[in-house]
Amino acid sequence: MMALSSETEHDAVGTTGPARIGVILNPHASGGGALKLLPKVTQELARLNVKFSLHVTTEPGDCWTRARAFADEGFERVVVIGGDGTFNEAVNGLLEADRLIPLGIVPAGTGCDLPRTLNIPAKSIPDAVRTACLGTPTAIDAGHAQCDSGEGRYFLNIAGLGFDATVAERAARMRFSGGKSAYLAALGMSLAKYHNIPVSITSEDFSMETTAVFVTVANAKYLAGGFMITPMADVSDGLLDLAIIGDLSIPDLLRNLPAVYRGKHTNHPKFTHRQITSVRISSPERAMVQVDGEILGSAPVVFSVRPSAALVSL
């Protein structure tokens with residue numbers, strides 16, 4: 001494989017001036033599998049005859065910083081190769097920039113749940129690169145999570161607290177060569193020790209106190225590698241979907257996971273759904289908050305929506 005610097009620039013035939021497309025690749029996505037896709041990505045970029053600048057990330061937060069820089073430097077589009085966490089960093093960088101430009105998504109991570117909702121090609125790298133570079137810029141909503149302790153972050157897919165945040169936090173601390181192995185191991189370890197959390201939830205027109213496995217605030221449909229937790233979610237309706245899986249025992253949760261995977265759980269008596277524009281969630285216990293699979297902080301937390309705030313190439 002060719003040696004890579006953190007950033008390289010490539011001219012398309014007959015083009016001049018600054019690079020048009022900023023390309024960001026997370027080499028650690030999918031346990032290093034994303035880096036193996038780089039030759040196919042660059043071959044398709046060359047075939048499309050686009051001029052691009054390639055940046056290979058070196059540490060957490062690097063994609064966030066580079067996406068913002070690409071936007072500030074006048075690039076027309078940012079294309080990201082990675083998983084949901086990488087896409088999350090990119091959109092945060094773009095939303096911080098002075099000018100909004102389209103985000104192109106090439107799925108190459110462990111979960112890649114956002115591309116599922118957006119129907120972005122996942123099995124064909126050339127098709128995904130073509131869509132990312134040449135697709136129609138489409139406005140979608142962005143969610144925002146703000147912890148009382150000060151941490152804040154945008155999300156395009158799903159945020160929340162409870163069991164999913166516990167698994168995400170444990171997976172982030174594990175060191176496996178493959179991302180899927182880390183997630184499955186973290187899932188098993190979390191099941192052995194997890195207990196449901198008491199929460200207080202306050203929104204514009206309702207409030208409730210309950211005990212829950214999950215409290216999910218969704219912009220899109222899927223989490224955890226394909227579980228359709230919010231099949232009713234629409235990324236362009238100007239709303240977030242609050243989904244609560246109530247006080248189930250671990251055996252009951254395991255029995256219902258196949259239904260959750262298919263999105264057939266919405267009639268379960270322990271499932272609650274509300275559409276919201278803002279919601280505040282607190283807990284008397286320490287409850288971690290995950291945002292697109294990344295740990296942000298702990299509750300109390302306020303989730304809100306920015307309608308049509310992001311552009312995605314579709």
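The figures that follow rest on heavy atoms only: side chains count, while hydrogens, waters and symmetry mates do not.
- Distance alone, capped at 3.5 Å, is enough to place a donor-acceptor pair between the E204 side chain and the T277 backbone.
- Counting only N and O atoms by type, the side chains of D84 and N157 include no donor and acceptor under 3.5 Å apart.
- Linking ILVMFWY side-chain heavy atoms closer than 4.5 Å, directly or via other members, places V279 and I158 in a single hydrophobic cluster.
- Cluster membership check: L156 does not share its hydrophobic cluster with Y222, using side-chain heavy-atom separations under 4.5 Å among Ile, Leu, Val, Met, Phe, Trp and Tyr.
- Within the cation-pi definition used here (under 6.0 Å to the ring centroid, within 45° of the axis), R20 does not qualify as a partner of F75.
- A donor-acceptor contact under 3.5 angstrom links the side chains of H273 and D241, judged on distance only.
- Only one option out of I24, I125, L35, V106 pairs with I81 in a side chain to side chain contact (heavy atoms under 4.5 Å, CB included); it is V106.
- Applying the salt bridge (Lys or Arg N to Asp or Glu O under 4.0 Å) rule to R306 yields no partners; only residues at least two apart in sequence or on another chain are considered.
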Dump the intermediate steps for side chain to side chain contact (heavy atoms under 4.5 Å, CB included) on T230 and M232, then the final yes or no.
-> CA-CA 5 Å; T230 45; M232 70 293 289; 3.8 Å; yes
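- Counting heavy atoms from C-beta outward, V215 and I201 have side chains that approach closer than 4.5 Å.
- In this structure, R153 forms no cation-pi arrangement with F155, as its terminal cationic atom is not both closer than 6.0 Å to the ring centre and no more than 45° off the ring axis.
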Intermediate values then yes/no, side chain to side chain contact (heavy atoms under 4.5 Å, CB included), I229 and L223 = CA-CA 7 Å; I229 187 70; L223 86 166; 3.3 Å; yes
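- The shortest side-chain heavy-atom distance between T216 and L242 does not fall under the 4.5 Å cut-off.
- When the salt bridge (Lys or Arg N to Asp or Glu O under 4.0 Å) test is applied to D148, the partners found at least two apart in sequence or on another chain are R280.
- A donor-acceptor pair under 3.5 Å is formed between the side chain of S249 and the backbone N or O of D252.
- The hydrophobic clustering, which links ILVMFWY residues whose side-chain heavy atoms are closer than 4.5 Å, places V291 and L239 apart.
- The backbone N or O of S203 lies less than 3.5 Å from no partner atom in the side chain of S207, so there is not a single donor-acceptor pair.
- Follow the hydrophobic side-chain contacts under 4.5 Å out from V91 and you reach I120 in the same cluster.
- Under the 4.5 Å side-chain heavy-atom criterion for grouping Ile, Leu, Val, Met, Phe, Trp and Tyr, V80 is not connected to W64 through any hydrophobic cluster.
- Judged by distance alone, with hydrogens and angles left aside, the side-chain atoms of E59 form no donor-acceptor pair with the main-chain N or O of D62 at under 3.5 Å.
- Checked by atom type and distance alone, the side chain of R274 never pairs as donor or acceptor with a backbone atom of A243 at under 3.5 Å.
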Just do the side chain to side chain contact (heavy atoms under 4.5 Å, CB included) check on C133 and I21 with the steps written out, would you?
-> CA-CA 8 Å; C133 293; I21 295 179; 3.9 Å; yes
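- There is a side-chain donor-acceptor pair under 3.5 Å between S149 and E151.
- With 3.5 Å as the limit, one finds a donor-acceptor pair spanning the side chains of R77 and S313.
- Here the side chains of P231 and M228 are in contact, with some heavy-atom distance below 4.5 Å.
- Looking at L161 and I281, their side chains come closer than 4.5 Å, going by heavy atoms from C-beta outward.
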Given the rule in the side chain to side chain contact (heavy atoms under 4.5 Å, CB included) test, do T57 and L25 qualify, once you have shown the distances and angles that lead to the verdict?
-> CA-CA 6 Å; T57 62; L25 181 139; over 6 Å; no
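- Proximity of a side-chain donor or acceptor of T138 to a complementary backbone N or O of T136 within less than 3.5 Å is detected.
- Here the side chain of N26 pairs no donor or acceptor atom with the backbone of A34 at under 3.5 angstrom.
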